[in-house]
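Report on one structure; see the data block that follows.
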Amino acid sequence: KPTQGVISAEPEPIKLDWSSTALVIIDMQRDFMEPGGFGETLGNDVSQLARAVRPISAVLKAARDTGMLVIHTREGHLPDLSDAPPAKVERGAPSLRIGDPGPMGRILIRGEAGHDIIPELYPLDSEVVIDKPGKGAFYATELSDVLEKYGIENLLVCGVTTEVCVNTTVREANDRGYRCVVISDGCASYFPEFHEMGLKMIKAQGGIFGWVATSAAVLEAMK
Ligand code: C5J
């Protein structure tokens, strides 16, 4: 098995050691991906996100074959909403609010069917699952400790949505010194133009937040 590879990325190629690299899959939850969940309550067309599933699935398989650390994140709140700021719960005019009962259980609540990861990308028992109350995966979670424990220096990041939880997490990671390679077709947004700009923001200015590469380029580097 190769222990390192060069990803053909923008703004420039990046060489990574797989032993110090983790695949981070952001919020591929039924609540964002399927009708009746949090994403749809906000008025979004959830079918926009389906295109990310196949590229993520391919990279996930390669990461498992390589023995890379795999981390899945889930956005959600405790059943008593003690970790949900009123400023988040009360915002806007959704069809259902966080904590309200919906067709997949209570909206964005840990332990409910809607909060769980879609079957196609379901975590193995050996993989890390980070439950986060915010958009960024570092805020109020154990992610920093996990990355330190495994000696991780680089993150391959994918998931939904590009401009919200993916971008927030990449910005948090970049400030903490991690090299982030965002998998372009492994991310998606309810707003295609935000997806495009969200990726551009990362790789602009010499890679101000990180690198962007296609799933094909990542898979090629992992061969
Ligand atoms: C959003 C997320 N879009 N996972 N969450 O509210 O990007």
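Remember, it's 1-based here, ligands and their atoms both numbered in the order they're listed. When a residue number appears, it is its place in the shown sequence, counting from 1. As the structure is a computational prediction, the values presented were derived from the model and not from experiment.
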Distance under 4.0 Å to a non-hydrogen atom of Glu75: what atoms of ligand 1 satisfy this? 1 (C), 2 (C), 4 (N), 5 (N), 6 (O)
Any chain of hydrophobic side-chain contacts (each under 4.5 Å) joining Ile71 to Ile117? no
Report yes if the side chains of Glu153 and Asp17 come closer than 4.5 Å at any heavy-atom pair, otherwise no. no
Quick one: which ligand 1 atoms are inside 4.0 Å of a heavy atom on Cys165? 2 (C), 4 (N), 5 (N), 7 (O)
For atom 3 (N) of ligand 1, which of the options Asn44, Thr161, Leu42 provides the nearest non-hydrogen atom? Thr161
Within 4.0 Å of some non-hydrogen atom of Phe32, the atoms of ligand 1 are 1 (C), 2 (C), 4 (N), 5 (N), 6 (O)
Check the side chains of His77 and Asp83 for a donor-acceptor pair under 3.5 angstrom, ignoring hydrogens and angles. yes
Starting from atom 6 (O) of ligand 1, find the nearest protein heavy-atom neighbour and note its residue, name and distance. Lys135 NZ, 2.9 Å
When you measure from the side chain of Asp145 to the backbone of Glu142, do you find a donor-acceptor pair of N or O atoms at a distance under 3.5 Å? no
Would you please say whether a donor-acceptor pair under 3.5 Å links the side chains of Glu120 and Ser57? no
Just jot down the ligand 1 atoms closer than 4.0 angstrom to any heavy atom of Asp27, in number order. 2 (C), 4 (N)
Run the numbers for me: atoms of ligand 1, each under 4.0 Å from some heavy atom of Val160, listed by number. 2 (C), 4 (N), 7 (O)
Would you confirm whether Lys61, through its side chain, and Arg64, through its main-chain N or O, come within 3.5 Å as a donor-acceptor pair? no
